[in-house]
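Worksheet: the structure to be examined is printed underneath.
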Amino acid sequence: MDLATFFRDEGIDVFARVGIEDLPDADRVSVLEFFPAARSVIVFGKEVPVPVYRMPQKEKTREMLRIAESLDDVAVRLAGCLDAERIPARSVPLYLPVRVVDGKVQGVVRLKQIAAAGGLGEIGKNTLLLNPRFGPRLLMSGVVSGAPAQEAGYRAANTGVPLCTGCGACIRACPEGAIGPDGVDAFRCRTVRAWVPPPVVPAVKWLLRRQFLLRSVAPLAPLVARTATIRCSLCVTGCPAFPGVEGER
């Protein structure tokens, strides 16, 4: 399958195919748990334009959700195309299920870390993927495939230029102090706290550890997401890699 042509036709900005042998140990294990036939992960993303971050909260949420769901649709179509070529594949879910590892919430497949392993950028102190072209403004999706990475004929090349300077601007920008030396505490994020107040955090963490229950409620996740509001994006806009105006760094 010609991935470059497929993604160009779908309007995707960046992509890479990464062999599971190139993933960090923890990510290789989680990918194989998610899809035992996995031999590679195809990860791809679309830019969130700068003006979106300056929209009122509800409009910003609606536009980001539109981009995220369009990526999810692309992942489903890609998995279907691979299956039609007798290549086993599974799209990474946009919403649930998720996991709690060392007290931190993460996806069943960590797409940002896999994108970094594929040369699409590096992980900043804000735990976001920093891309050489788009900075922290990429939304990601992915498909786990039973084909090895070398068959794709494409793998992004990292420029080797550090993108995160370690300045700590993102940490200082977070009004709730959610970003620390060990990563992001999602339950301190202003957006998450609006839905999960501190008294119920232990119960939510208990639920997130029950994969069977998560799969049962997963069909409801899109409905919840459409009623949510992104109340803060300062971990993105506070990063020096965020352009002052569109097209500038």
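Note that the numbering runs from 1 along the sequence shown for the chain.
- Among all heavy-atom pairs drawn from P240 and A169, the shortest one is CD-CB, 4.1 Å.
- Atom SG in C239 sits 10.5 Å away from atom CZ in R137 (nearest 0.5 Å).
- Within the 4.5 Å cutoff, the side chain of V144 has heavy atoms near those of the V92 side chain.
- Panel note: side chain N131, backbone L120; a donor-acceptor pair is recorded below 3.5 Å.
- At distances below 3.5 Å, not a single donor-acceptor pair connects side-chain atoms of R190 with backbone N or O atoms of R231.
- Using the six-membered ring where Trp is involved, F44 and F7 have ring planes that are tilted, between 30° and 60° apart.
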Report task. I would like to know whether L129 and E122 meet side chain to side chain contact (heavy atoms under 4.5 Å, CB included); could you show each step before the answer? Result -> CA-CA 6 Å; L129 179 76; E122 66 181 62; 5.9 Å; no

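- Between the side chain of R172 and the backbone N or O of C167 there is at least one donor-acceptor pair closer than 3.5 Å.
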Requested in this report: Show the numbers, then the answer: is there a side chain to side chain contact (heavy atoms under 4.5 Å, CB included) between M64 and V52?
Outcome: CA-CA 8 Å; M64 287 192 178; V52 171; 4.1 Å; yes

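- Across all non-hydrogen atoms, the minimal contact from V143 to A89 is CG1-CB, 3.9 Å.
- The aromatic ring centroids of F15 and F6 lie 6.0 Å or more from each other.
- Of the possible polar contacts, one joining the S30 side chain to the D27 backbone as a donor-acceptor pair under 3.5 Å is found.
- The nearest pair of heavy atoms linking C164 to L130 is CB-CD1, 3.6 Å.
- With respect to E10 and R77, a salt bridge is recorded, a charged nitrogen being found less than 4.0 Å from a carboxylate O.
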Report task. Could you walk me through whether V31 and I114 pass side chain to side chain contact (heavy atoms under 4.5 Å, CB included), step by step? Result -> CA-CA 10 Å; V31 167; I114 292 172; 4.0 Å; yes

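- Side-chain contact between L138 and L128 is absent, with no heavy atoms from C-beta onward closer than 4.5 Å.
- Closest approach of A117 to D22, counting heavy atoms only: CB-O, 4.0 Å.
- Summarising the geometry, atom CG belonging to D185 is positioned 11.0 Å from atom CD1 belonging to I179; distances are rounded to the nearest 0.5 Å.
- No side-chain heavy atom of E176 sits under 4.5 Å from any side-chain heavy atom of C189.
- Between V43 and V109, the closest side-chain pair of non-hydrogen atoms is not below 4.5 Å.
- Looking at C81 and M1, their side chains come closer than 4.5 Å, going by heavy atoms from C-beta outward.
- Across A16 and G118, no two heavy atoms sit closer than the pair CB-O, 3.7 Å.
- To the nearest 0.5 Å, atoms CG (L234) and CG (N126) are separated by 11.5 Å.
- Among residues two or more places apart in sequence or in another chain, the salt bridge (charged side-chain N to carboxylate O under 4.0 Å, His left out) test is passed with R62 by none.
- Formation of a donor-acceptor pair under 3.5 Å by the S91 side chain with backbone atoms of A79 is not found in this model.
- Between the NZ atom of K46 and the CD1 atom of I67 there is a distance of 6.5 Å, given to the nearest 0.5 Å.
- Between the OG atom in S141 and the CD atom in E69 there is a gap of 11.5 Å [rounded to 0.5 Å].
- The backbone N or O of I230 lies less than 3.5 Å from a partner atom in the side chain of T61, making a donor-acceptor pair.
- Among all heavy-atom pairs drawn from I42 and L82, the shortest one is CD1-CD1, 4.0 Å.
- Open room surrounds NZ on K125; 12 or fewer heavy atoms of other groups in view lie less than 6.0 Å from it.
- Residues S145 and R90 bring no donor and acceptor atom of their side chains to less than 3.5 Å of each other.
- Rounded to the nearest 0.5 Å, atoms CD1 (I87) and CG (L78) are 9.5 Å apart.
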